[in-house]
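The structure under discussion appears below in the form of structure tokens.
For ligands, and for the atoms within them, numbers begin at 1 and follow the listed sequence.
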Amino acid sequence: MTRFSTLYAVAAVGLALASPARAADPAKGKAVFQAQCAMCHQVKPKALGIGPSLAGVVGRKAGTLPGFAYSPAMKTFAKPWTPALLGTYIAAPMKGVPGNRMPYAGLADAAKRADLIAYLATLK
Ligand code: HEC
């Protein structure tokens with residue numbers, strides 16, 4: 001039992017260290033967006049590119065921007081994009097929404113993802 005609690009404590013410390021201690025920074029997130037997302041996504045409302053506009057994406061239901069030809073997987077997914085859900089999707093698009101067609105490998109860096117999502121939340 002004691003050994004088990006020690007293991008548990010070690011795991012808890014590991015988790016605490018893994019979560020970023022600093023606040024998410026939308027200005028840094030904008031730079032991440034420009035480097036990794038802007039070639040496919042516009043920030044002007046309703047604008048269509050290779051991907052749908054991400055203006056107002058936080059709170060928008062997945063697969064519902066009018067005029068964009070979403071994959072059947074994204075249309076079926078149809079959940080509102082919360083910051084947590086966006087995090088899962090951007091980290092690993094194929095795991096977040098299996099079968100979707102976004103040609104993006106994923107952003108592994110949790111701090112960069114948090115910055116990026118803070119920036120997406122500023123897009124109205
Ligand atoms: C090479 C092009 C490309 C890149 C790069 C890309 N995306 Fe996408 N994105 C797409 C496509 C295409 C879709 C539609 C996928 C589908 O219908 O299955 C999409 C869909 C999305 C959606 C769902 C939108 C909705 O209306 O439901 C979000 C959110 C998203 N992308 C965020 C991002 C973010 C953030 C980045 C940068 C880290 C990024 N994407 C990089 C092409 C791209």
Proximal atoms of ligand 1 relative to Cys40 (non-hydrogen, under 4.0 Å): 1 (C), 2 (C), 3 (C), 4 (C), 5 (C), 42 (C), 43 (C)
Examine distances only and state if a side-chain atom of Arg113 and a backbone atom of Thr88 form a donor-acceptor pair shorter than 3.5 Å. no
Contact between Trp81 and Leu120 at the side-chain level, heavy atoms closer than 4.5 Å - yes or no? no
Heavy atom of the protein closest to atom 28 (C) of ligand 1 (residue, atom name, distance): Tyr89 CE2, 3.6 Å
Quick check: does Lys61 get an N/O under 3.5 Å from an N/O on ligand 1? no
Quick check: do Leu123 and Val57 have side-chain heavy atoms less than 4.5 Å from each other? no
At a 4.0 Å threshold, what atoms of ligand 1 neighbour a non-hydrogen atom of Leu116? 35 (C), 38 (C)
Check each heavy atom of Leu107 against ligand 1 and say whether those closer than 4.0 Å belong to the side chain, the backbone, both or neither. neither
Which ligand 1 atoms, with their elements, are less than 4.0 angstrom from a heavy-atom of Ala62? 27 (O)
Can you tell me which portion of Leu65 lies within the under-4.0 Å heavy-atom range of ligand 1? Options are side chain, backbone, both, or neither. neither
Minimum heavy-atom distance Ser53-Lys44, with the two atoms named: OG-O, 2.7 Å
Is any side-chain heavy atom of Leu107 less than 4.5 Å from a side-chain heavy atom of Val32? yes
Any N or O of Arg60 closer than 3.5 Å to N or O of ligand 1: yes
Atom 18 (O) of ligand 1 sits nearest the protein heavy atom Ser71 OG, 2.5 Å
Shortest non-hydrogen contact between Arg60 and Gly56, atoms and distance: CB-O, 3.4 Å
Please work out whether any backbone atom (N, CA, C, O) or any side-chain heavy atom from C-beta onward of Ile90 is under 4.0 Å from ligand 1, and answer side chain, backbone, both or neither. side chain
Nearest non-hydrogen protein atom to atom 12 (C) of ligand 1, with distance, is Ile50 O, 3.2 Å
Parallel, tilted or perpendicular: ring planes of Tyr70 versus Phe68, cut at 30 and 60 degrees: perpendicular
Identity and distance of the protein heavy atom lying nearest atom 39 (C) of ligand 1: His41 CD2, 3.5 Å
Tell me, which protein residue and heavy-atom name are nearest atom 13 (C) of ligand 1, and how many Å apart are they? Pro52 CD, 3.8 Å
In the protein, which heavy atom is nearest to atom 29 (C) of ligand 1, and how far is it? Leu86 CD2, 3.5 Å
Report the part of Tyr70 in contact with ligand 1, treating N, CA, C, O as backbone and CB onward as side chain, heavy atoms under 4.0 Å; options are side chain, backbone, both, neither. both
Rounded distance (nearest 0.5 Å) linking atom CG of Leu54 with atom OH of Tyr119: 9.0 Å
Any idea which protein heavy atom is nearest atom 32 (C) of ligand 1, and the distance to it? Leu54 CD1, 3.6 Å
Any N/O/S atom, backbone or side chain, of Cys37 lying under 2.8 Å from atom 8 (Fe) of ligand 1? no
Tell me, which protein residue and heavy-atom name are nearest atom 14 (C) of ligand 1, and how many Å apart are they? Phe68 CE2, 3.7 Å
Can you tell me how far SG of Cys37 sits from CD1 of Ile90, rounded to the nearest 0.5 angstrom? 6.5 Å
Taking only heavy atoms of Gly63 into account, list the atoms of ligand 1 that are under 4.0 Å away from them. 25 (C), 26 (O), 27 (O)
Nearest non-hydrogen contact to atom 11 (C) of ligand 1 from the set Gly51, Gly106, Ala35 belongs to Gly51
Taking C-beta and beyond as the side chain, do Pro52 and His41 meet within less than 4.5 Å on heavy atoms? yes
With a 4.5 Å limit on heavy-atom distance, are the side chains of Asn100 and Met94 in contact? yes
Kindly indicate whether the side chain of Arg22, heavy atoms from C-beta on, has any atom under 4.5 Å from the side chain of Asp115. yes
What's the spacing between Leu65 CG and Leu48 CG if we round to 0.5 Å? 6.0 Å
Determine whether Met74 and Tyr89 make a side-chain contact, defined as any pair of heavy atoms from C-beta on separated by less than 4.5 Å. yes
Please say whether Gln36 places an N or O atom under 3.5 Å from an N or O atom belonging to ligand 1. no
Honestly, for Pro103 the part within reach of ligand 1 (heavy atoms, under 4.0 Å) is both
Measure from atom 8 (Fe) of ligand 1 to each N, O or S atom of Met102 and report whether any distance is below 2.8 Å. yes
